[in-house]
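Okay, structure first, notes after.
Numbers here are sequence positions counted from 1. Owing to the predicted nature of the structure, the values given are computational and were not obtained by experimental measurement. Values reported hereafter were calculated over all heavy atoms of this structure, with side chains retained and with hydrogens, waters and symmetry mates removed.
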Amino acid sequence: MHLWSVSARANDAFINDLQQRSFRYFWEQADPNTGLIADRARMDGSPLDENHRNVASIAATGFGLTALCIGVDRNWIQRAEAVERARNTLRFFDSRAFQQRGWFYHWLDARTGERRWNSEVSSIDTALLLAGVLTVRQCFASDAEIVRLAKRIYERVDFRWMLNGDPLLLSHGWKPETGFLKARWDTYSEDTILYVLAIASPTHPIPPTAWYALWRDRYRYEGHAYFTTIGVPLFMHQYAHAWIDYRNRRENRGDRIDYFQNSVAATLAHRAFCINLAHEFPAFGPDVWGITASDSAKGYVAWGGPPRDPEIDGTIVPAATGGSLMFTPALATTALQTMHERYGRSIYGRYGFVDAFNPQTGWTDTDVIGINAGIILLSAENMRSGNVWRWFMRNRELARALDRIGLLTRAPRRRTGSLRATETGMAVPQSRRVDAGTTSIPRDIHPRSLGSSKSRYRNGV
């Protein structure tokens with residue numbers, strides 16, 4: 001029996017409504033000709049200020065392509081409409097958008113495709129776009145043009161070039177005025193989707209050993225032990241999982257991490273952290289929790305915890321909770337429903353939840369941010385059906401890349417009895433696969449990945 005089936009029908013109706021509203025953002029906030037999705041929009045439909053007007057995010061567009069598949073599957077739009085939108089989007093990125101060795105600018109003008117905000121050619125945002133491209137390639141596999149364009153867009157990306165001379169670590173991006181950005185993706189975060197795509201590339205792959213070059217902090221909070229990068233927002237444990245099905249896979253070397261269960265533990269630790277904030281911010285508690293990068297009364301803040309971010313001021317971010325639906329279904333559903341019941345229409349509207357709100361001060365955001373609406377939509381779908389995982393993982397090169405990394409499949413754990421508060425996160429059962437075997441640790445893996453003796457271990461305070 002599906003884990004979701006143990007939930008009440010009222011919860012199912014609420015999550016369906018939230019999903020449909022979140023989907024509506026991607027359908028209405030897309031330019032029909034380019035397919036580009038607005039970086040943000042006002043919940044009430046009023047225009048944004050001039051600086052933000054018509055600014056599209058390629059990461060939001062990756063979520064938006066995936067949203068088309070969900071919308072068709074749930075009969076919110078006609079398949080022909082979705083296919084047309086997907087075709088237009090892929091045509092734009094195939095032949096009209098500026099690209100450097102296959103990589104795209106972070107922000108574009110939604111109508112013209114021109115660069116906005118002097119943005120960089122972004123490696124991680126291109127990766128999130130590619131996730132959507134590869135999802136529609138499989139979801140709409142009967143459409144030859146979509147399949148052909150998606151293949152061409154992915155295979156054009158030169159992952160080796162983005163190494164910029166490093167044998168393993170990818171750059172954050174590139175600018176035509178100054179060249180490569182100095183920062184590299186060298187710590188564990190949402191960048192795992194970038195590295196899986198790079199290792200899987202049929203045309204410009206990087207070595208599988210790059211996976212183990214990422215620094216991973218060991219951390220413990222309220223009895224929950226997990227790997228993370230200390231100080232990053234919760235979304236880093238969510239975004240890659242929106243597409244990559246890490247369930248029932250564990251590394252056969254290094255720290256031997258099960259990344260799905262690692263994100264379950266990180267989510268439970270974050271919830272415990274929010275509960276412990278209640279003495280300072282009484283709105284937080286077992287049924288209201290969630291902080292991740294978001295708007296606030298003082299602007300956009302990349303906050304989170306544990307450990308305590310000094311910027312925390314009582315702001316609640318529904319995307320933190322919504323992005324956790326695939327890891328802790330019952331806990332996250334209860335929290336979202338409690339927010340909805342307690343604060344009502346002031347925080348919930350045409351596109352679902354506003355980006356953030358602060359019960360302590362009375363501040364409520366006017367906006368919805370595309371990537372935050374996206375993680376709610378995709379996480380909810382994976383919780384309910386596992387379809388995003390299923391579509392994305394049909395791209396055979398991705399499963400092969402996980403095997404080459406050493407993230408090998410194992411039989412799913414049997415679960416008996418009813419769901420408890422300390423959830424397993426096993427939202428959707430997965431069929432058993434044959435283990436691909438084990439290999440020894442390659443000599444060229446970065447030494448900081450060689451296990452507990454080389455990893456930092458921190459306790460939450």
Side-chain angles (χ1 to χ4, degrees), residues 185 187-193 195-196 211 214-251 254-277 284 286 288-294 302-309 312 316-336 371-372 375-376 378-380 382-383 389 407 420-427 449 452 455-461:
W185 291 105
T187 62
Y188 169 61
S189 68
E190 74 278 15
D191 59 6
T192 60
I193 194 166
Y195 278 93
V196 169
W211 179 268
L214 301 175
W215 181 269
R216 295 154 172 85
D217 288 314
R218 289 170 175 256
Y219 196 77
R220 185 188 300 276
Y221 186 86
E222 293 283 347
H224 304 290
Y226 56 102
F227 290 85
T228 188
T229 296
I230 294 171
V232 299
L234 187 62
F235 76 79
M236 70 147 283
H237 289 285
Q238 300 173 344
Y239 277 21
H241 290 261
W243 289 278
I244 301 173
D245 189 357
Y246 286 114
R247 294 173 302 163
N248 302 315
R249 286 182 179 266
R250 182 186 295 276
E251 293 170 336
D255 289 305
R256 301 183 181 274
I257 301 169
D258 177 327
Y259 285 93
F260 186 82
Q261 292 301 325
N262 190 73
S263 285
V264 172
T267 303
L268 293 172
H270 179 75
R271 176 175 177 266
F273 169 77
C274 290
I275 292 170
N276 288 337
L277 290 174
F284 283 103
V288 175
W289 52 272
I291 306 169
T292 193
S294 72
W303 45 20
R308 170 68 183 267
D309 188 313
I312 287 175
I316 297 168
V317 188
T321 323
S324 301
L325 286 164
M326 56 189 162
F327 303 124
T328 56
L331 294 175
T333 299
T334 297
L336 291 168
I371 55 176
N372 282 359
I375 194 60
I376 294 173
L378 273 61
S379 184
N382 281 331
M383 174 186 70
W389 289 326
L407 280 162
R420 299 183 184 276
T422 53
E423 298 186 50
T424 66
M426 299 294 288
S449 68
S452 59
S455 298
R456 293 177 291 182
Y457 202 99
R458 292 281 299 277
N459 286 306
V461 294

*Please list, chain by chain and in numerical order, all residues satisfying side-chain hydrogen bond (donor to acceptor under 3.5 Å, both in side chains) with Ser379, sequence neighbours excluded.*
none
*Measure the spacing between CG of Asp245 and CG of Asn382 and express it to the nearest 0.5 Å.*
7.5 Å
*side-chain hydrogen bond (donor to acceptor under 3.5 Å, both in side chains) partners of Ser189, counting only residues at least two apart*: Asp191
*Please name all residues satisfying side-chain hydrogen bond (donor to acceptor under 3.5 Å, both in side chains) with Ser324, sequence neighbours left out, ordered by chain then number.*
Gln238
*Can you name the residues that form a ring-ring contact (aromatic ring centres under 6.0 Å, His included) with Trp185, not counting sequence neighbours?*
His172
*Can you sort out the partners of Thr192 under side chain to side chain contact (heavy atoms under 4.5 Å, CB included), two or more places apart, ordered by chain and number?*
Tyr188, Trp211, Ala240, Tyr246
*Applying side chain to side chain contact (heavy atoms under 4.5 Å, CB included), name anything that partners Ala242, two or more places apart in sequence or on another chain.*
Ile375, Leu378
_Counting C-beta onward and ignoring hydrogens, is there a side-chain heavy-atom pair between Tyr226 and Ser263 closer than 4.5 Å?_
no
*Set of residues satisfying ring-ring contact (aromatic ring centres under 6.0 Å, His included) with respect to Tyr195, sequence neighbours excluded*: none
_Please enumerate all residues that pass side-chain hydrogen bond (donor to acceptor under 3.5 Å, both in side chains) together with His270, with sequence neighbours excluded._
none
*With sequence neighbours excluded, residues passing side chain to side chain contact (heavy atoms under 4.5 Å, CB included) with Val232*: Thr228, Thr229, Met236
*asked:* Run the side chain to side chain contact (heavy atoms under 4.5 Å, CB included) test against Ala272 and tell me which residues pass, sequence neighbours left out.
replied: Tyr221, Glu222
*Are the aromatic ring centres of His241 and Phe327 under 6.0 angstrom apart?*
yes
